[in-house]
Protein chains: 2
Amino acid sequence: MTTAAHSHSGHAHEGPSWSEHVLARFEREGFRAGGARAAVVELLAEQDCCLSAQEIFDRLRGGGRSVGIASIYRVLDQLFQLQLVQRVDVGGGVARFEAAHPGGDHHHHLLCNGCGRVVAFEDAALEAELDRVAERLGARVAGHELVLHGACADCSRG
Amino acid sequence: MTTAAHSHSGHAHEGPSWSEHVLARFEREGFRAGGARAAVVELLAEQDCCLSAQEIFDRLRGGGRSVGIASIYRVLDQLFQLQLVQRVDVGGGVARFEAAHPGGDHHHHLLCNGCGRVVAFEDAALEAELDRVAERLGARVAGHELVLHGACADCSRG
DNA sequence: GCAATAATGGGAACGGTTTTCATTACCGAT
DNA sequence: ATCGGTAATGAAAACCGTTCCCATTATTGC
Ligand SMILES: [Zn+2]
Ligand SMILES: [Zn+2]
Ligand SMILES: [Zn+2]
Ligand SMILES: [Zn+2]
């Protein structure tokens, strides 16, 4: 279930590509090269929204690449430690991951309880408000995660 | 780990108490009375932030009440279905639950990566902004969940 | 009280994630 | 180019939160 889809519009391919950026970072950080890591990074790079470990596993298998599920979790953890991916938790006990772009160009998610889709959205004013809240709390907020629950535009129109 | 604490200030005890409200609702809904449900509701009523099923289990055990973990999950699910509790997910694969007060008086959480505490906060302007976002998306948003990650006021001052 | 049946709790089952460990592959030194 | 030390990998087991199953207990209408 949860056929991940998105309502993104923009996101052109610019700059030194996320996967190159990531692989370079790994090398700089002293990691060795490895096929599993490259495969996961490459796959994540071509998504524009979150995937679960199992989804990554299935897609790599489908694409001929045989990567152990343990390696996938390992790579995801490494990426997360280096803040190169964002962990997205839409409930159901499964963690999802998506590329964290350096430009801070991040989005949030609406989980539709009608069709089960995950709809991504961005909102600059919301981000500004969140910054303001962080300041008011006196906390050094490194990141945030927001999930809206409800009926997406399609489902609420029907 | 994760010693749940809070920075709440307000929250006076007013009205017909959350537990009474909840128990009445269960009766109206055709449920029979039961010890496990009463115990869980009573415990949740005296918290001002979220508890996990295991934490509820431990506290009830500690308080002499022996309640099966299965019953706790069942009651939490019933409460959730009736929208009497809010499910809070601060990651780590454990679901937490807290009383949902009828007045819509809900709060959000900052997960401190320094001390591990969960700090609760409210912000009316943020809620308004979230409403605006929902409207812009054209979605019928039933609820939302926000988690901030970073160093709480105490930890970022140290 | 009595019967019907909902509520409960122990334990097994389940599914996602982590750990273990033997094997493979990378990379610097030779 | 080869070798050796060691990181990376993947299969399988372990782990852990949650759900399911079912025999027992407790509640409610009669
Ligand atoms: Zn996304
Ligand atoms: Zn944001
Ligand atoms: Zn809370
Ligand atoms: Zn809110």
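Predicted model, so just to flag it, every value in this text is computed and none were measured.
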task: Please check if B:Val75 and B:Val94 belong to a single hydrophobic cluster, counting links between Ile, Leu, Val, Met, Phe, Trp and Tyr side chain heavy atoms closer than 4.5 Å.
output: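 Cluster IDs for B:Val75 and B:Val94 differ.
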
message: Return whichever of B:Arg61 or B:Phe31 has its heavy-atom-nearest nucleotide of DNA chain C closer to the 5' end.
response: B:Phe31

Just verifying a value: how many Å separate [X] [atom1] and [Y] [atom2], rounded to the nearest 0.5 Å?
X        : Y        : atom1 : atom2 : answer
B:Glu46  : B:Leu51  : CD    : CG    : 9.5 Å
A:Arg132 : A:Leu137 : CZ    : CG    : 9.5 Å
A:Cys112 : B:Arg140 : SG    : CZ    : 9.5 Å
B:Trp18  : B:Glu98  : CH2   : CD    : 10.0 Å
B:Leu84  : B:Phe26  : CG    : CZ    : 6.0 Å

- request: Assert yes or no for the condition that the ring centre distance of B:His106 to B:His144 is strictly below 6.0 Å.
  value: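 Yes, close enough.
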
field: Ring centre gap for A:His101 and A:His21 strictly below 6.0 Å
entry: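 Here the rings of A:His21 and A:His101 have centres that are no less than 6.0 Å from each other.
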
- prompt: First and last nucleotide of DNA chain C in contact with chain B, 5' to 3', at under 4.0 Å to a heavy atom: what are they?
  reply: C:dA4 to C:dG11

- prompt: Whole-Å distance between D:dA7 P and A:Arg37 CZ?
  reply: 12 Å

Gap between atoms CZ and C1', on B:Arg28 and D:dT28 respectively (whole Å):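 Distance, rounded to whole Å: 19 Å.
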
Interface polar pairs with nucleotides 17-26 of chain D, N/O, under 3.5 angstrom:
| from | atom 1 | to | atom 2 | distance (Å) |
| --- | --- | --- | --- | --- |
| D:dG17 | O3' | B:Gly93 | O | 3.4 |
| D:dT18 | OP1 | B:Ala95 | N | 2.9 |
| D:dT18 | OP2 | B:Tyr73 | OH | 2.3 |
| D:dT18 | O5' | B:Tyr73 | OH | 3.2 |

